[in-house]
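Quick notes on the structure that follows.
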Amino acid sequence: MTGSGACGQCGAAASLRCGGCSLVHYCSKDHQRQHWAIHKDQCWPVRITHEEGKGRYLVASRDLSEGQLVMREGPVALGPVADSLPMCLGCHAIIPAPAQDQDMFRCPGCSWPVCNAACAATERHMAECSVLASDTKGIGPPTSYMRTPRYDIILIVRCLLLRSTNPATWEKLQGMESHAKKRQDDDDPHREAAATYFTKVLDAECDADTVNHLHGTILTNAINTFGGRGECLRGLYPTLYLMNHSCRPNITLRSDEASILYVRAAVPIKKGEPILFSYLPPTDPLWRRQQDLKMIYNFQCQCPRCQDHTELGTYYSSPRCTQCHEGFLEPYDGPGSPWSCPECSAKREQEDIAMEAEEYVAKLEGKCATVEEASNLLNDIVNTFHVNHFVWLTAAQTVLRELQEVSAEALSLRRDLWRRLIHLYQRLEPGATRRKGVSLYNGAVVEREAATLHLAKAGLNQPSPVFEEGLTRAVRMLDAAIVILELEPPGSTELRWLELARKEKKEIFDMIGAGNPNEMGETTG
């Protein structure tokens, strides 16, 4: 394959590309052979392609199976999310508010919060300290333990440092899409604040255009991750930023404690098909996705889910028609247009539909403490919306979080909700996703609890068919969950779910006196 770039072995101008991944260039086949010992562990089954109107993006270079590792990549720049609680700039730990009123520990050089003197002296922070210290009036550093947007500037500083520490990566950042002109025309206040701070306060040796481009580049391309203690971070990745968006993704992203991202195929992907990542939560309703994609990424989504006014048969964002009670109000005519019922042609403005749903969601908290309250709430939602609607999903999640009652009725409700949620999640986000793995685990726990309670209430000394069927369902769900959760990368904070699933399965087998489940024939999900 041909192209232009720097040779992976010697750095010279190169026109050849690796035939396996197309991501690395070579000036000769000899240098490609010499570089293979280094490159073989990074020769991923993807290649970069270009299409008019879509730009450059990643596609599969060969058929991929469900769960297969597609890529693994670390960030070239990593930092706090823009709106963050006070965070140590040395280790990225969230700095907790003290029991007594006292000042947080600050770096002696720049006055930004750090855990201690050791964190202030880390290589990560020392590189940026002198730049941040040029803010002699202390305008930037957080002043309280509250969440603050001041951390927006940190990743920009770390990107600017690449000009001298890694010029090749700096050039790559310069080539990333930023939509800087549109953000400037829209008078984005955060962009304007960043430009003013870097050109009027900090001694960062950059102009407003550079800051505007970096600010937009981060908004457009950064991927959010979680650190080793669960802290929210965002990073820029030199290849993964080329993944295209779909509201029905075909890959999953998982990160380890160093924010290295592991990309796995959620479903089978054919050679030549794009690698698709959802820039937004797939559980967001249509109006949220449309608004955020346009505002942040400057495009209107044309994925199969968004082009289908039924959202792949789920009617996930569509309420019931109040005129005929037979159909749903569906978005036939594009963003912002009235939604209409195919049964009776009734119409309603999208803004009104979105407002009704969002107001309903805002009132869910605190209304699900008992089975009666939860059941009444869910029944009302089914009558107003339906069982596959965004409002129902949000309410089901709220019930599972808030319902504290311990009874057969409560367990029956939880069991029903988990079954329905797992089904709906798979229609929105199919395949081997973390959401599916965690949901299967939680559903299995409820199945086991319900079976155990049935046995106890019946006063039986021997297992009953209902008890055995419940435990069998639980084991099947756990088997399926474990297969998915085993895909978590080493060091991932989410590995706790895998350990919980394995522990739950062992306890079930101990309960029925079956010994070690690993020595028995496994049940498949």
Side-chain angles (χ1 to χ4, degrees), residues 283 361 364-383 385-389 391-427 433-485 496-514 517 523-525:
T283 51
V361 165
L364 291 175
E365 298 293 332
K367 294 185 177 180
C368 315
T370 68
V371 171
E372 183 179 4
E373 288 179 344
S375 298
N376 290 338
L377 175 67
L378 292 167
N379 288 334
D380 183 60
I381 290 172
V382 170
N383 292 330
F385 300 95
H386 54 87
V387 76
N388 285 334
H389 196 272
V391 173
W392 182 90
L393 181 144
T394 308
Q397 293 171 331
T398 305
V399 170
L400 289 168
R401 185 174 62 251
E402 291 190 356
L403 182 59
Q404 300 298 317
E405 185 176 321
V406 180
S407 65
E409 293 76 13
L411 282 173
S412 178
L413 177 59
R414 291 193 188 99
R415 181 175 56 189
D416 181 57
L417 291 180
W418 276 119
R419 289 176 180 177
R420 293 187 181 192
L421 278 174
I422 290 168
H423 177 69
L424 183 53
Y425 285 151
Q426 275 297 283
R427 297 179 73 180
T433 67
R434 177 186 290 161
R435 194 192 309 275
K436 180 180 180 181
V438 172
S439 298
L440 285 167
Y441 160 73
N442 282 304
V445 171
V446 176
E447 294 282 357
R448 188 261 302 161
E449 289 176 344
T452 304
L453 183 61
H454 164 80
L455 192 67
K457 290 191 68 174
L460 301 175
N461 295 323
Q462 297 295 326
S464 68
V466 173
F467 175 76
E468 292 178 343
E469 288 169 7
L471 293 190
T472 297
R473 281 194 299 270
V475 171
R476 286 176 176 168
M477 295 171 76
L478 288 169
D479 282 340
I482 288 169
V483 169
I484 294 173
L485 297 172
R496 69 184 187 278
W497 292 109
L498 175 60
E499 297 308 313
L500 287 171
R502 287 173 172 167
K503 180 180 178 182
E504 178 71 17
K505 183 177 176 180
K506 182 179 184 304
E507 289 178 355
I508 290 175
F509 277 87
D510 288 344
M511 185 186 303
I512 59 178
T523 308
T524 57

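Not measured: the values here are computed from a predicted model.
Counting only distance, with no hydrogens or angles, the side chain of Thr398 and the backbone of Thr394 share a donor-acceptor pair below 3.5 Å. Listed for the Glu402 side chain is a donor-acceptor partner under 3.5 Å among the backbone atoms of Gly366. With hydrogens and angles disregarded, no donor-acceptor distance shorter than 3.5 Å links the side chain of Asp380 to the backbone of Asn376. For Asp416 (side chain) and Ser412 (main-chain N/O), no donor-acceptor pair under 3.5 Å exists by modelled atom type.
Side-chain contact check for Ser439 versus Leu421: every heavy-atom pair is 4.5 Å or farther apart. The shortest distance between side-chain heavy atoms of Trp418 and Val445 does not fall below 4.5 Å.
Shown here for Glu449 and Leu411, the closest heavy-atom pair between the two residues is OE1-CD2, 3.4 Å. Smallest separation of non-hydrogen atoms from Glu504 and Arg448: OE2-NE, 2.7 Å. For the pair Leu364 and Val391, the tightest heavy-atom approach, listed with the atom from each and the gap, is CD1-O, 4.5 Å. When all heavy atoms of Leu403 and Arg414 are compared, the pair lying nearest together is O-NH2, 2.8 Å. Considering every non-hydrogen atom in both Ala395 and Ile381, the closest pair reads CB-CD1, 3.2 Å. Scanning all heavy atoms of the two residues, the minimum distance from Trp497 to Asn442 falls at CZ3-ND2, 4.1 Å.
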**Asked** Ile484 and Arg434: side chain to side chain contact (heavy atoms under 4.5 Å, CB included), yes or no, with the steps?
**Response** CA-CA 7 Å; Ile484 294 173; Arg434 177 186 290 161; 5.8 Å; no
**Prompt:** Do Leu393 and Tyr425 pass the side chain to side chain contact (heavy atoms under 4.5 Å, CB included) test, and can you show the C-alpha distance, the side-chain angles, and the key distance before you say yes or no?
**Reply:** CA-CA 9 Å; Leu393 181 144; Tyr425 285 151; 3.7 Å; yes
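Here the options are Arg419, Arg476, Lys505, the test is salt bridge (charged side-chain N to carboxylate O under 4.0 Å, His left out), and the partner is Glu447; only Arg419 passes.
Here the OG1 atom belonging to Thr452 is positioned 4.0 Å from the CE atom belonging to Met511, to the nearest 0.5 angstrom. Atom CZ of residue Arg420 and atom CH2 of residue Trp392 lie 6.0 Å apart, to the nearest 0.5 angstrom. Considering SG of Cys368 and CG of Leu378, their distance stands at 7.0 Å, rounded to 0.5 Å. Rounding to the nearest 0.5 Å gives a distance of 9.5 Å between CD1 of Ile482 and CD of Glu499. Rounded to the nearest 0.5 angstrom, Arg427 CZ and Asn388 CG are separated by 5.0 Å. Separation of atoms OH (Tyr441) and CG (Leu500) is listed at 4.0 Å; rounding is to 0.5 Å.
A salt bridge links Glu365 to Arg401: one of the charged nitrogens lies within less than 4.0 Å of a carboxylate oxygen.
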